[in-house]
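One structure below.
Just so it is clear: chains get the letters A, B, ... in the order the sequence lines come, proteins before strands, and each one is counted from 1. Quick caveat: nothing in here was measured; it's all calculated off a predicted structure.
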Number of protein chains: 4
Amino acid sequence: MKNNKETKILQAAEKVFFSKGFFPARMEDIADEAGVAKGTLYLYFKDKTSIYVHLMSYRLEVAVNVLESMQHAKTSATEKLEKIFDGWAHYYSQAKGMTSFISIENINLTTEIMKEMENQIKPKMFKFIDNIARIIKTGIVNHEFKKVNPQVASIFFLNTVRVVQVSHLYKINVKDGQEMIKEMFFNGIKLNKKESKR
Amino acid sequence: MKNNKETKILQAAEKVFFSKGFFPARMEDIADEAGVAKGTLYLYFKDKTSIYVHLMSYRLEVAVNVLESMQHAKTSATEKLEKIFDGWAHYYSQAKGMTSFISIENINLTTEIMKEMENQIKPKMFKFIDNIARIIKTGIVNHEFKKVNPQVASIFFLNTVRVVQVSHLYKINVKDGQEMIKEMFFNGIKLNKKESKR
Amino acid sequence: MKNNKETKILQAAEKVFFSKGFFPARMEDIADEAGVAKGTLYLYFKDKTSIYVHLMSYRLEVAVNVLESMQHAKTSATEKLEKIFDGWAHYYSQAKGMTSFISIENINLTTEIMKEMENQIKPKMFKFIDNIARIIKTGIVNHEFKKVNPQVASIFFLNTVRVVQVSHLYKINVKDGQEMIKEMFFNGIKLNKKESKR
Amino acid sequence: MKNNKETKILQAAEKVFFSKGFFPARMEDIADEAGVAKGTLYLYFKDKTSIYVHLMSYRLEVAVNVLESMQHAKTSATEKLEKIFDGWAHYYSQAKGMTSFISIENINLTTEIMKEMENQIKPKMFKFIDNIARIIKTGIVNHEFKKVNPQVASIFFLNTVRVVQVSHLYKINVKDGQEMIKEMFFNGIKLNKKESKR
DNA sequence: TATGAATGAGTCTTCATTCAT
DNA sequence: CATGAATGAAGACTCATTCAT
């Protein structure tokens, strides 16, 4: 994000898209939030969709960067995933209005306007997923994880983060809930015969 | 669904909402799909939101009915969840356009228009989740499952179903993917020390 | 009004047009009020405008009949006008919603739809006014009234009736108000020099 | 009327509402007449009703201002009322399409949409009527007028202005008609016994 | 005749986008 | 670069009218 105003707009857009969702969000809302005029938005972005796409891109890039910087850490795969999990859960927790802003299913929007988005976002989403998958793969190699399909497990992992947020709606204690959910992700819900004898 | 035309409209709406999502879906699209005039929609439903709400309600009711009819089956909790999982995964697989039509996060839409929806859908969603939770509770009692929070596990379970759909986008072999995902749900991804020696 | 159902519809229409006015009144309102189906209205009247026109016509005819039957009464012109005044004031008093249903200015509606109405109603309105004018003329001949233009005085008279209704809005005591207004009509508001010495 | 475009819109609206009436007037008509795009109307006014209300308000305010500026003139009450009468009769004469745009009975519209209007317009209407009533009161004090109820007389006066307009429909010579009508208002139509001996 | 479900033309209103300043 | 007034395409919704039963 070279430009300062561009950043301001993206931040405003993030806030607005978070609280209203893509369609109900109006360009004027974003402009107001950014403290610029409506017309200014069009100096930095082609259209509404473009803002959304750039925002997604930016967030995914940041996420990918974080993931890549973690790859070489000496922590275990489990620890890495836990750290990612906590970070994302925190990020999601701000998104009161719209669950899963950068969420996997947005990838699938097929509206006329959205099609172009797909081309921009999908590849980054895949890259993002692949980065998680790489950690999982390492975990498998290191005998931390079972021999699961890393990509499927990656998607599974990302979806799990969303459970935290949805759980909020149930007024489940956040900290506890989050730990429970992580636990379920790593260990499943099935009672291991051996465990049962503990 | 007493009325035949009402059914036709709801089916058309389901198709349209599935493929476009709520906002981009136009009343005319639904009318065309249903083979009726625009005005006819308003003979059966108050407005666009109402169609959506009724559709959600209907699907949730069906789902809850299915769940309730399963409660007394003699199958294990695991078998029950697997069956539900497969059923839902199949249903979702039709929803090419919009992931998670009846999905937990829709609960959280806060648009002006959506507020009334919340009152209609949220309770049914909760009922739905509670039905899953009851199965999980049985599973805990029967020593099939760990002592997890049944509601959190229920939400976790429902989210897992969505993973199947998202995986499609990765062109992952459906049957395989689905089984993998179920396996992950029940057993987690963590390698059990004892297992590792198998 | 030959037909019984036609009468029922016209009565219903009168009530509805009275309370809502022409444009906001819906055909369904009239049908409901008449206790018939919407389609039935079209068996008796060409369209909404037609109902209105027939209603106006009917009321004007009744009014003209009343006036004509009064022409030969031996009462003074003043007494006649007073009687008419009271009768109309009473009729108007029912029209809470729409002032002056059969009112002189409706004659002037120029909406596309209304044009045909003009041809039907205007002549009757004129006939109605002429009947009042004739009474006034008699009054002039009998030295009850000044040598005013009878038609202008007729219109003036009709408008005066409306003052009663408008006065209601001022919470002016109806009986008193009505008498005051009549008094003003007949005697004006100017203090006669001779009178002042009484 | 600060804004220039707002003025243009109100003027256009006045013309359109005059010629068509409130309901048949389309927003597009007003936009076309004002030489702006439909959307522009909504930059200055909330909705169609709002335009109408503002227009009424504006006209009533102008009228009240005129009346208030006249209060302290040294002319007699009769002269004042005549001047007002002539002014209004002139204004009305432009309103070919809709009689009595700012007319007392509009006060009574009860349509759903109109309710808010009532709150805005009614008080101003009352103020307007009270201003006329004040002149009449002065006339009574000065022994120009009889001891009539000033408010009733005020309403009576305003309605009288409308008679001029309606008389046009009778192709009555305007100037003459107007004088006749004023004469009738001030002196009534009843022949004074003393007068009769003239 | 009577019905009322169905139609679709007609309107208001919103909002992304443009462009003169 | 920035503005925000202006635009007009698009879409939800209403309701007079029709017509199969």
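Annotation: the span from D/Thr40 atom OG1 to D/Met27 atom CE amounts to 10.5 Å, rounded to 0.5 Å. Here the CZ atom belonging to D/Arg59 is positioned 13.0 Å from the NZ atom belonging to D/Lys124, to the nearest 0.5 angstrom.
Counting non-hydrogen atoms under 4.0 angstrom, A/Phe45 reaches nothing in the nucleic acid. Within 4.0 Å of D/Ala34, counting heavy atoms only, lies no atom of the nucleic acid at all. Within 4.0 Å (heavy atoms only), D/Ala31 reaches no atom of the nucleic acid at all.
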remark   = Dot-bracket for DNA chain E, 5' to 3', Watson-Crick and G-U pairs with both distances under 3.5 Å, [ ] for crossing pairs, | for partner on another strand, reads .||||||||||||||||||||
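In this pair, C/Phe22 and C/Phe17 present their aromatic rings parallel. The plane angle is below 30°, not in the 30 to 60° band.
With distances taken from any side-chain atom of B/Val36 to the nucleotides E/dA5, E/dT7, F/dA2, the minimum falls on E/dT7. Considering only side-chain atoms of C/Lys38, the nucleotide from E/dA6, F/dA5, F/dT3 that sits closest is E/dA6. Considering only the side chain of C/Lys5, E/dA2 comes nearest among E/dA2, E/dT17, E/dT7. For D/Lys48, the listed nucleotide lying nearest its side chain is E/dC12; candidates were E/dC12, F/dA6, F/dA2. Closest approach to the A/Arg26 side chain among F/dC13, E/dC15, E/dT17 is made by E/dC15 (side chain taken as heavy atoms from C-beta onward).
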task = Show your reasoning for whether side-chain contact (heavy atoms from CB on, under 4.5 Å) applies to A/Met56 and A/Tyr52.
result = CA-CA 6 Å; A/Met56 300 274 278; A/Tyr52 193 76; 3.9 Å; yes
task = May I have the step-by-step check of side-chain contact (heavy atoms from CB on, under 4.5 Å) for A/Gln11 and A/Thr7, ending in yes or no?
result = CA-CA 6 Å; A/Gln11 281 169 347; A/Thr7 310; 3.9 Å; yes
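With a 4.5 Å cut-off on side-chain heavy atoms, D/Glu33 and D/Asp29 do not count as touching. Looking at D/Tyr44 and D/Leu10, their side chains never come closer than 4.5 Å, going by heavy atoms from C-beta outward.
Mapped onto DNA chain F by nearest heavy atom, B/Met27 and A/Thr40 fall at different nucleotides, with A/Thr40 at the one closer to the 5' end. Mapped onto DNA chain F by nearest heavy atom, C/Glu28 and D/Ala37 fall at different nucleotides, with D/Ala37 at the one closer to the 5' end.
For A/Tyr42, there are no ring pair (Phe, Tyr, Trp, His ring centres under 6.0 Å) partners, not counting sequence neighbours.
A/Lys48 places a side-chain N or O within donor-acceptor distance of the main-chain N or O of A/Ala25, the cut-off being under 3.5 Å.
Per the geometry, NZ belonging to D/Lys20 stands 13 Å off P belonging to E/dG10, to the nearest Å. In this structure, B/Lys46 places its NZ atom 14 Å from C1' of F/dT14, rounding to the nearest Å. With rounding to whole Å, B/Leu43 atom CG is found 12 Å from F/dC13 atom C1'. Atom P of nucleotide E/dC15 and atom CG of A/Leu41 are separated by 15 Å, given to the nearest angstrom.
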Produce the list of close N/O pairs, under 3.5 Å, pairing protein atoms with atoms of nucleotides 19-21 of chain E; give distances to one decimal.
none

